[in-house]
Amino acid sequence: MRDLNELRKEIDKVDEQIVSLYEQRMSLSSEVADYKIENARPVFDRDREKKKLAAVSGMVSTDFGKTGIIELYEQLMSMSRKLQYRKLTEKGVLGNLPFIETDFIRKDGVRVVYQGVEGAYSQSAVFKYFGEDANMFHCETFRDAMNLIADGAADYAVLPIENSSAGIVSQNYDMLSEFENYIVGEVIIRISHCLLGLPGANIDDIDMVFSHAQGFLQCERFLDDHRGMTAFETQNTAMAAQKVLKDGDIKHAAIASEECSRLYGLDILEKDINSNKENYTRFIVVTNQRIFRKDAGKITVSFEIPHESGALYRLMSHFIYNGLNMTDIESRPIPGHPFEYRFFVDFEGNLNESAVKNAIRGIREEALNFRILGNY
């Protein structure tokens, strides 16, 4: 058996050769980029890469070696593509993204819609982003809000997208892909739920409690401690308070905000009943215009991927290679395609930055149904 130090010296010599060959390969990739720029050819050639992987795996004799050489060449070809994307971006071949830069998001004299009724948490988000004097109105459903801005009946919609305790509002993620509407801002508010009842109601007598699905999720511990209460879902927490007032049944209660108790003349039977006391909801501000503030620092995109091994990893590598910080990733089922998913990714950056352009161009060429949902 040979000495370990001797073996390591031989590995070092081989590594020197590998590095030299890697540099040669990337130099050739640079020439390939020049050719594609000159001849308007796409960077990503899926069929060519599949043939290359089949060819190099056929040169290896063991199953372990085949797997390893495929992984190695996938990385080499990924590096080659990224180099080509960078050269294309530097030469302006990839063009501008279809978004218009603006100095600020106009807030005066605009029409803002939110889902629910007066007292909804969405209304609080409107106040925080647009101010107390905002020209706002409400609608019944999230879909109504998206339709209203798509049709131009409202300039902006404010929609909940994620709660720190209960997770994403899946319906609104799905509609971001469905509608040609775009995120231009976000606002985060603290959520403090109360149990609201009619004047004179006693918490021990409540047998029905109304709220939005997220409200129930955020108050699971409270409901678990009060199993005599049967939960009934409403479209909005404020609508739940409104329903309790309208029903006039002293055994009914709502999980809603303290503001709703004032608006609808209800008693607070118990305050701050959410399981997580640090409970926050992130709202997005959506419009039908492809605009972004010049100082925007966060981007949301969506895409689908080929149903094959390593596809998501390859796409994520574009963020790593370009030094971009990915802050969130979510997945949603694709209707009509069982066990296939659409991904939503938030990452830091501005559409004017070359690193962002490089990453977006790479993902756009390699993913399916890629969309930029907003820079805000």
Side-chain angles (χ1 to χ4, degrees), residues 22 25-26 28-37 39-57 67 69-99 173 176-177 299-334 337 339-351 353-375:
Y22 170 78
R25 196 181 200 284
M26 295 304 286
L28 291 168
S29 294
S30 181
E31 292 188 48
V32 168
D34 293 335
Y35 178 88
K36 289 180 176 179
I37 291 170
N39 294 277
R41 297 282 294 274
V43 169
F44 187 43
D45 186 339
R46 191 183 301 275
D47 291 337
R48 157 72 178 166
E49 292 199 2
K50 285 183 177 179
K51 289 176 182 176
K52 169 62 76 172
L53 291 174
V56 296
S57 65
T67 301
I69 205 70
I70 287 174
E71 183 175 344
L72 173 62
Y73 268 82
E74 283 179 336
Q75 290 300 314
L76 285 172
M77 291 187 290
S78 176
M79 287 294 103
S80 174
R81 290 196 304 273
K82 291 177 176 68
L83 174 64
Q84 293 177 53
Y85 293 136
R86 174 172 290 184
K87 291 199 71 171
L88 290 165
T89 299
E90 288 171 352
K91 292 181 179 292
V93 175
L94 294 174
N96 294 318
L97 297 172
F99 280 75
Y173 267 99
L176 285 172
S177 291
I299 299 170
T300 299
V301 298
S302 69
F303 54 84
E304 299 159 25
I305 59 175
H307 204 51
E308 59 189 34
S309 175
L312 181 59
Y313 169 78
R314 289 194 295 272
L315 289 178
M316 293 299 98
S317 69
H318 289 284
F319 296 108
I320 299 169
Y321 180 81
N322 288 288
L324 299 174
N325 182 32
M326 188 174 71
T327 58
D328 187 48
I329 180 168
E330 306 288 348
S331 64
R332 293 289 301 147
I334 302 172
H337 297 268
F339 307 111
E340 295 185 27
Y341 298 89
R342 178 179 295 116
F343 293 89
F344 296 83
V345 174
D346 293 346
F347 63 98
E348 295 175 354
N350 186 283
L351 291 175
E353 297 170 0
S354 59
V356 169
K357 291 180 180 180
N358 288 338
I360 285 176
R361 291 308 190 256
I363 296 170
R364 173 174 281 160
E365 285 212 20
E366 298 171 29
L368 307 174
N369 299 321
F370 174 83
R371 282 189 62 194
I372 301 171
L373 299 176
N375 189 191

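Atom set for the values below is all heavy atoms of this structure, side chains included, hydrogens, waters and symmetry mates excluded.
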Worksheet item: When the ring planes of F344 and Y173 are compared, do they come out parallel, tilted or perpendicular, using 30° and 60° as the limits?
Response: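 The arrangement is perpendicular - the two ring planes meet at more than 60°.
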
Discussion item. Could you walk me through whether L351 and I360 satisfy the side-chain contact (heavy atoms from CB on, under 4.5 Å) test, starting with their C-alpha distance in whole Å, then the side-chain angles of each, then the deciding distance to 0.1 Å, before giving a yes or no?
Written reply: CA-CA 9 Å; L351 291 175; I360 285 176; 3.7 Å; yes

Worksheet item: Do any N or O atoms from the side chain of R371 and from the backbone of S177 form a donor-acceptor pair under 3.5 angstrom?
Response: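 Side chain of R371 to backbone of S177, a donor-acceptor pair under 3.5 Å: yes, one is there.
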
Worksheet item: Counting N and O atoms only, with roles assigned by atom type, does the side chain of T300 sit under 3.5 Å from a partner on the main chain of G374, one being a donor and the other an acceptor?
Response: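 A pair under 3.5 Å: no.
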
Point-to-point distance, once rounded to the nearest 0.5 Å, from [atom1] of [X] to [atom2] of [Y]:
X: Q75; Y: M77; atom1: CD; atom2: CE; answer: 10.0 Å
X: I70; Y: L53; atom1: CD1; atom2: CG; answer: 6.0 Å
X: L76; Y: M26; atom1: CG; atom2: CE; answer: 8.5 Å
X: R86; Y: S30; atom1: CZ; atom2: OG; answer: 11.5 Å
X: I334; Y: E340; atom1: CD1; atom2: CD; answer: 5.5 Å
X: H307; Y: Y341; atom1: NE2; atom2: OH; answer: 8.5 Å

List the residues meeting side chain to side chain donor-acceptor pair (under 3.5 Å) with [X], not counting sequence neighbours, and say none if there are none.
X: D34; value: K87
X: E74; value: none
X: N369; value: E304

Within the structure provided, determine whether [X] and [Y] are in side-chain contact (heavy-atom separation under 4.5 Å).
X: N358; Y: Y321; answer: no
X: N350; Y: N375; answer: yes
X: I299; Y: V356; answer: yes
X: F303; Y: L312; answer: yes
X: M79; Y: R25; answer: no

For residues [X] and [Y], report the shortest heavy-atom separation together with the two atoms involved.
X: I69; Y: V56; answer: CG2-O, 3.9 Å
X: P306; Y: L368; answer: N-CD1, 3.9 Å
X: L324; Y: A355; answer: CD1-O, 3.9 Å
X: F347; Y: M326; answer: CB-CA, 3.8 Å
X: S317; Y: K82; answer: OG-NZ, 2.9 Å

Worksheet item: Would V43 and L88 satisfy side-chain contact (heavy atoms from CB on, under 4.5 Å), going step by step from the backbone distance to the final call?
Response: CA-CA 9 Å; V43 169; L88 290 165; 3.0 Å; yes

Heavy atoms from other residues, nucleotides or ligands near [atom1] of [X] exceed 12 (cutoff 6.0 Å):
X: E71; atom1: CD; result: no
X: R41; atom1: CZ; result: no
X: K52; atom1: NZ; result: no
X: F343; atom1: CZ; result: yes

Worksheet item: E366 and side chain to side chain donor-acceptor pair (under 3.5 Å): which partner among R46, H318, R314?
Response: H318

Fill in: side-chain contact (heavy atoms from CB on, under 4.5 Å) assessment of K357 paired with E90
CA-CA 10 Å; K357 291 180 180 180; E90 288 171 352; over 6 Å; no

Fill in: Chi angles and distances behind the side-chain hydrogen bond (donor to acceptor under 3.5 Å, both in side chains) call for Q84, S80
CA-CA 6 Å; Q84 293 177 53; S80 174; 3.0 Å; yes

Fill in: V345/M316 under side-chain contact (heavy atoms from CB on, under 4.5 Å): CA gap, chis, key distance, verdict
CA-CA 10 Å; V345 174; M316 293 299 98; 4.2 Å; yes

Item to complete: Give a yes or no on whether a salt bridge exists between R81 and E365, defined as a side-chain N under 4.0 angstrom from a carboxylate O.
Response: no

